[in-house]
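All figures in this text were calculated on a predicted structure; none of them were measured in a lab.
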Amino acid sequence: MSGTLVLAGTPIGDTADAPPRLAAELEGADIVAAEDTRRLRRLTQALGVRISGRVVSYFEGNEAARTPELADALSEGSRVLLVTDAGMPSVSDPGYRLVAAAVERGIRVTAVPGPSAVLTALALSGLPVDRFCFEGFLPRKTGERLARLREAAGERRTLVYFEAPHRLAAALAAMAQAFGADRRAAVCRELTKTYEEVRRGTLGELAAWAEEGVRGEITVVVEGAPAEAPGAVDAAELVRRVAVREAAGERRKEAIAEVAREAGLPKREVFDAVVAAKNAGTV
């Protein structure tokens, strides 16, 4: 009989936010796979929990190698609990490989819901929450980061990003360049912790503020692009947007479809603009 993989959300700051089921799962698991065993030890001390099972590390550096071992333990009937430093495993944290391996073997996967930096920041941002998308961490290299942001420039849903504090100023400046300096945003810092702060403003204002230096865990929430009136985008701009998407690795057909969707235009109109520019030698 196969075991069960349990993904457990852990506090993003205040340990009092830990769900009651987390303590029970920590005590009862056969194996606890932790992103950082030292942080796990501090968490169990704060919760007054004693782990009876085996504790192993499971982080980015050994995730690929350790996944088969844990999958075998699950196949043999073990209850494996996966925890990361903060939040839900596999969301910009280790976990996806193990979930995929368990699903492939037909092993039950369940979760202990817990605090989420994505949802907490979104709720506190003051920006629309009815539709949103999570973009995770941006690339570290300047060119790749700007290309990724330009891909999302026409996205109408609210965008949520994670960012390291020492890269925040550069990331906000790139967002202002790709999305426009007047786009509204919120920088959420140290959520649920003693020095929690939510700084709201335009991307231009926030980029200038971040130049002074910012510390702590950072989540950035950015307003989605405004809907464009039909005909508001000229042919040259349509061609430019398609070219940006192609440079980022999209096939031309998909790039044309996405640009048409963003601009509220028929795909044929964007296709014709691209063909005309190609025949004129401007692309």
Side-chain angles (χ1 to χ4, degrees), residues 1-15 17-122 132-139 148 157 160-162 164 191-192 217 219 249:
M1 184 176 179
S2 63
T4 299
L5 173 61
V6 183
L7 310 178
T10 53
I12 59 176
D14 191 337
T15 55
D17 293 334
R21 276 182 57 205
L22 176 59
E25 290 290 351
L26 286 166
E27 291 177 337
D30 298 305
I31 301 173
V32 178
E35 184 177 11
D36 187 326
T37 57
R38 292 168 299 180
R39 290 196 181 192
L40 173 64
R41 190 177 304 114
R42 290 197 291 269
L43 176 62
T44 56
Q45 289 173 347
L47 298 179
V49 170
R50 181 185 294 274
I51 296 176
S52 59
R54 181 163 61 98
V55 176
V56 300
S57 63
Y58 189 76
F59 61 100
E60 184 179 0
N62 72 355
E63 184 178 4
R66 180 142 281 170
T67 292
E69 171 192 332
L70 293 174
D72 287 344
L74 286 164
S75 295
E76 293 165 4
S78 294
R79 189 174 186 86
V80 176
L81 179 68
L82 178 60
V83 294
T84 57
D85 293 348
M88 182 60 69
S90 82
V91 181
S92 282
D93 274 324
Y96 169 75
R97 286 188 177 92
L98 185 54
V99 173
V103 170
E104 185 177 352
R105 297 188 185 204
I107 293 166
R108 179 172 179 259
V109 181
T110 188
V112 177
S116 165
V118 175
L119 297 181
T120 303
L122 185 67
F132 73 94
C133 55
F134 174 57
E135 291 288 311
F137 284 95
L138 287 167
R148 176 78 61 81
R157 294 172 293 179
V160 184
Y161 295 91
F162 286 160
L191 290 172
T192 78
E217 300 288 334
T219 305

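In this structure, the side chains of I31 and L70 come closer than 4.5 Å at one or more pairs of heavy atoms. Taking 4.5 Å as the limit, some side-chain heavy atom of L43 sits within range of a side-chain heavy atom of L22.
Remark: the backbone N or O of V6 is not paired with any side-chain donor or acceptor of T110 at under 3.5 angstrom. Of the possible polar contacts, one joining the N62 side chain to the S57 backbone as a donor-acceptor pair under 3.5 Å is found. With hydrogens and angles disregarded, no donor-acceptor distance shorter than 3.5 Å links the side chain of S2 to the backbone of I107. Here the side chain of D30 pairs a donor or acceptor atom with the backbone of R79 at under 3.5 angstrom.
In terms of heavy-atom proximity, E135 sits nearest to Y161 at CB-CE2, 3.2 Å. Here the shortest heavy-atom pairing between G136 and S92 reads CA-OG, 3.8 Å. Taking both residues in full, the closest heavy atoms of A102 and V109 are given as CB-CG2, 3.8 Å, listed atom of the first, atom of the second, then distance. Across P19 and P115, no two heavy atoms sit closer than the pair CD-CD, 4.4 Å. Between A8 and V83 the shortest heavy-atom distance is CB-CG1, 3.8 Å. Across all their heavy atoms, T44 and R41 have their closest contact at OG1-O, 2.8 Å.
Shown here is E217, whose CD atom has no more than 12 heavy atoms of other residues, nucleotides or ligands within 6.0 Å. Atom OH of Y96 has 12 or fewer heavy atoms from other residues, nucleotides or ligands within 6.0 Å.
In this structure, OG on S52 lies 10.0 Å from CG on L26, to the nearest 0.5 angstrom. Rounding to the nearest 0.5 angstrom, the gap separating the CZ atom in F59 from the CG atom in D85 is 11.0 Å. Put simply, CG on L119 and CG on L191 are 11.0 Å apart, with the number rounded to the nearest 0.5 Å. Here the straight-line distance linking atom CE of M88 with atom CD1 of I12 works out to 12.0 Å at 0.5 Å rounding. Distance check, rounded to the nearest 0.5 Å: CG of L74 to CD of E69 gives 11.0 Å. The CG atom of L40 sits 11.5 Å away from the CD atom of E35 when rounded to the nearest 0.5 Å.
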Practice task
Go through the steps to decide whether T219 and V118 satisfy the test side chain to side chain contact (heavy atoms under 4.5 Å, CB included), and finish with yes or no.
Solution key: CA-CA 7 Å; T219 305; V118 175; 5.7 Å; no
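Residue pairs meeting the salt bridge (Lys or Arg N to Asp or Glu O under 4.0 Å) criterion with at least one partner in residues 93-118, sequence neighbours excluded, are E63-R97, D72-R105.
In this structure, a donor-acceptor pair under 3.5 Å is absent between the side chains of Y58 and T84.
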